[in-house]
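For the numbers below, each heavy atom of this structure counts, side chains included, while hydrogens, waters and symmetry mates do not. Here is how names work: the chains are called A, B, and so on, in the same order as the sequence lines, proteins then strands, and each is numbered from 1.
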There are 2 protein chains.
Amino acid sequence: MNDTIKQGGATAASRIYEMLRQDLLNGRYGAGERLSISLLRDTYQVGLSPLREALNRLAAYGLLRQENQRGFRVLELSPEELVDITEMRRQLEGRALELAVQHGDEEWESQLLAANHRLTRAATQAPVVEWELLHSRFHNALVAPCGSAWLLRFITQLHDQFDRYRRLAPRHDELRHRLDAQHQELVDLALARNARRAREVLEEHITLSSEVAMLSCEQV
Amino acid sequence: MNDTIKQGGATAASRIYEMLRQDLLNGRYGAGERLSISLLRDTYQVGLSPLREALNRLAAYGLLRQENQRGFRVLELSPEELVDITEMRRQLEGRALELAVQHGDEEWESQLLAANHRLTRAATQAPVVEWELLHSRFHNALVAPCGSAWLLRFITQLHDQFDRYRRLAPRHDELRHRLDAQHQELVDLALARNARRAREVLEEHITLSSEVAMLSCEQV
DNA sequence: TTTATCGAAATAATCGATTATTTGACCTAG
DNA sequence: CTAGGTCAAATAATCGATTATTTCGATAAA
């Protein structure tokens, strides 16, 4: 969905869409919270029409729930849904990585190395938002040459859903360290063209990451 | 996405969304065609705001393409994309059916029998739109108890995409007959709780159906 | 002949105001 | 007291008009 809108002077609706999307992923609005349209208009300094268009897109994308005549709500969070999202990510990203390892060219290898390098640096030297961006880019780079546009689309969508949980979770340095090590391992396996093992590690990575994310459900 | 909007007095935007979705699936607008907003307003007798909201939803859903400052276009059709959609359907619906066979209860069995019965009757005695509705319902009933909301969501979305091709294709009685026979076979295997074989038949069914759909790409 | 530029017409996006619906407090009948 | 009903305030949805951008034909320059 992110690149559904083509280039060209960004319209107010697409600017507000991206801002709202980021704020939703970062947990600025609480789960289940009702979004007052006139309040949002004041917050983002934008007219009603583009704002409503952005909200409609977000609802169709799955980050908001729309009830006729009752406006928009942030989606609820539940451990059950996190399990569902995790299982889907394992399935889809695992498959995509297998294909990417088979189809990826030298350019892909370079991109992958670069993405991991930037991510590693950012882990110690950049603010969280910067790291989040590079983390998304790394995982995207990993599966990019899988050859299926629809697979990539669903993966991105699930990634956004997953991040709503993960970004809400408290820090857990030990798990984070193991997750970072897996990033490196994935790069190595990808370059070695070991599709089978790469898939296994990615699936473990997603499961481990879901353990971090699950901590967000155990908050008050 | 179809049930994203909850009950309650349908709003103009959601009514127009559903109408447009049906018309897009039925090929009322040509692939790649530009949708003039003011023309649509006249056609559907609706104001600009709800119309634009519906178009935004459809773009986020993947039935339209939106370019900033240049309005909305119907998505193009291509054999390559049909292959992608078909492969994704095989993967996702195949997995969903396995799960459904494992989890489905007696109520599911009844629903399945009923859905197939209605579909079979409609094949000879109902207009095409009626058959299309029942056909969607049958395939939905098949995988409904798979236990994963996201899996079902993606399956529905892919089904809509697939139907853009299939409904455009010319009749092919021989293939249609084999496809109908597979519906019966799927019901039998589901009731017999033969998950493995049911999955195989469903994947064959989707592939065979894509052969029909592919005929739409060979038109002028 | 081709390419570039300008400007009017067409069309998309946005705004401000209006209408419709829901919410919740208050009241009354049972 | 409680259930149901009424009404006013709050909020969502929609409309009509305005603004911004693109498109395309006509003209001029290379």
From C-beta outward on P50(B), which listed nucleotide comes closest to its side chain: dT14(D), dT14(C), dA12(D)? dT14(D)
Please determine if a side-chain N or O atom of T11(A) lies less than 4.0 Å away from the OP1 or OP2 oxygen of dA12(C). no
Taking the side chain as C-beta and beyond, is there a heavy-atom pair between V129(A) and L133(A) under 4.5 Å? no
F72(B) CZ to dA12(C) P, straight-line distance once rounded to whole Å: 9 Å
Here the distance between atom P of dC15(C) and atom CD of Q45(A), to the nearest Å, is 11 Å
Rounded to whole angstroms, how far apart are CD on Q66(B) and P on dT11(C)? 18 Å
Output the rounded distance in Å from CG (N68(B)) to C1' (dA13(C)). 10 Å
Output for pair (L152(A) CG, E93(A) CD), nearest 0.5 Å, gives 10.0 Å
So that I can tick it off, tell me whether D173(A) and R176(A) are bridged by a salt bridge, with the cut-off set at under 4.0 angstrom between side-chain N and carboxylate O. no
Quick check for you: among dT14(D), dT14(C), dT22(D), whose closest atom lies nearest to any side-chain atom of S49(B)? dT14(D)
Report which part of the nucleic acid L35(A) touches: base, sugar-phosphate, or nothing (heavy-atom distance under 4.0 Å, all strands). sugar-phosphate
Only one of V74(A), L58(A), L51(A) passes side chain to side chain contact (heavy atoms under 4.5 Å, CB included) with L35(A); say which it is. V74(A)
Can you tell which of dT21(C), dT11(D), dT14(C) lies closest to the side chain of L48(B)? dT14(C)
S38(A) vs dA10(D): side-chain N/O to OP1/OP2 distance below 4.0 Å: no
Separation of Y44(B) atom OH from dC15(D) atom P, in whole Å? 16 Å
R52(B) atom CZ is separated from dT14(D) atom C1', nearest whole Å, by 14 Å
To the nearest Å, give me how far apart CZ (R73(A)) and P (dA12(D)) are. 10 Å
Using whole Å, what does the distance between atom P of nucleotide dT22(C) and atom CD of E67(A) come to? 11 Å
Side chains of N116(B) and L112(B): closer than 4.5 Å at any heavy-atom pair? no
Nucleotide nearest R70(B) when distance is taken to its side chain, options dT23(C), dA13(D), dT23(D): dT23(D)
